[in-house]
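Notes to accompany the following structure.
Numbering starts at 1 and runs along the sequence shown. This structure is a prediction, so every number in the text was calculated from the model and none was measured.
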Amino acid sequence: MKARVKWVDGMAFMAEADSGHAIVMDGAPEIGGRNAGARPMEMVLMGLGGCTAIDVMMILGKQRQPVDDCWIELSAERADVKAPKVFTTIHTHYVVVGKGLDPAKVERAVNLSAEKYCSVSAMLRDSVELTHDFEVREPES
């Protein structure tokens with residue numbers, strides 16, 4: 001896998017991956033950015049969310065669970081130092097919506113992703129305190 005990050009101007013960069021998809025990253029105005037894109041550390045957090053979301057949906061699909069919606073809410077704390085301001089904790093909250101979902105199967109899918117399958121979690125787990133929980137909701141009428 002390869003990616004290329006090219007400076008645009010100020011603190012803005014265009015990142016492009018092998019897949020051909022591109023994303024703008026930018027810095028905060030206080031460091032010369034224009035707030036035109038996500039910050040690099042936000043990209044790490046979003047990458048974790050995307051990686052585990054794909055795992056959970058794949059596992060629930062194999063379990064034939066009737067998922068109507070799914071989202072992951074991530075919250076992170078960063079080191080209180082000048083640099084590097086690494087993540088110290090990340091909490092991942094999964095919300096899975098579906099009529100007749102089996103909470104035990106949702107829990108298994110979440111745990112398998114968080115503890116075994118998610119590549120981003122695996123890379124972070126030795127340096128960041130990772131926690132997770134989940135909730136199952138019935139669809140609103």
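You'll find the side chain of Arg108 reaches within 4.5 Å of the side chain of Gln63, heavy atoms only. Between His132 and Glu115, the closest side-chain pair of non-hydrogen atoms falls below 4.5 Å. Side-chain contact between Glu42 and Met46 is present, with at least one heavy-atom pair separated by less than 4.5 Å. Taking 4.5 Å as the limit, some side-chain heavy atom of His93 sits within range of a side-chain heavy atom of His91. A 4.5 Å side-chain heavy-atom check between Pro40 and Met25 finds at least one atom pair inside the cut-off. You'll find the side chain of Asp9 reaches within 4.5 Å of the side chain of Arg34, heavy atoms only.
Closest of all the heavy-atom pairs between Arg39 and Pro29 is NH2-CD, 4.2 Å. Minimum heavy-atom separation, Gly98 to Pro139: C-CD, 3.5 Å. For the residue pair Cys51 and Ser119, the shortest heavy atom distance occurs at SG-N, 3.5 Å. Thr52 and Ala114 get closest at one heavy-atom pair: OG1-N, 4.5 Å. When all heavy atoms of Pro84 and Ala79 are compared, the closest pair comes out as O-CB, 4.2 Å.
With hydrogens and angles disregarded, no donor-acceptor distance shorter than 3.5 Å links the side chain of Asp26 to the backbone of Gly33. At distances below 3.5 Å, not a single donor-acceptor pair connects side-chain atoms of Asn35 with backbone N or O atoms of Ala28. Panel note: side chain Gln65, backbone Asp102; a donor-acceptor pair is recorded below 3.5 Å.
Separation of atoms NZ (Lys6) and CE (Met14) is listed at 10.5 Å; rounding is to 0.5 Å. In this structure, Asp68 CG and Lys99 NZ are separated by 9.5 Å, a value rounded to the nearest 0.5 Å.
By the 4.0 Å N-to-carboxylate-O rule, Arg137 lies close enough to Glu135 to be salt-bridged with it.
Through direct or relayed side-chain contacts under 4.5 Å between Ile, Leu, Val, Met, Phe, Trp and Tyr, Val95 connects to Trp71, Val97. In the hydrophobic clustering, Val110 connects to Met41, Val44, Leu45, Leu48, Val56, Met57, Leu60, Val67, Ile72, Leu74, Phe87, Ile90, Tyr94, Val96, Leu101, Val106, Val120, Leu124, Val128, Leu130, Phe134, Val136, either directly or through intervening members, whenever side-chain heavy atoms lie under 4.5 Å apart.
The environment of Glu129 atom CD is sparse: at most 12 non-hydrogen atoms of other residues, nucleotides or ligands sit within 6.0 angstrom. The local environment of CD in Glu77 is sparse, with at most 12 non-hydrogen atoms from other residues, nucleotides or ligands closer than 6.0 Å. With a 6.0 Å radius and a threshold of 12 heavy atoms from other residues, nucleotides or ligands, Arg4 has its CZ atom at or below the threshold. Other residues, nucleotides and ligands place no more than 12 heavy atoms under 6.0 Å from the CD atom of Glu140. Residue Leu112 places its CG atom among more than 12 non-hydrogen atoms of other residues, nucleotides or ligands, all under 6.0 Å distant.
Under the 4.5 Å side-chain heavy-atom criterion for ILVMFWY residues, a single connected hydrophobic cluster contains both Met43 and Trp7.
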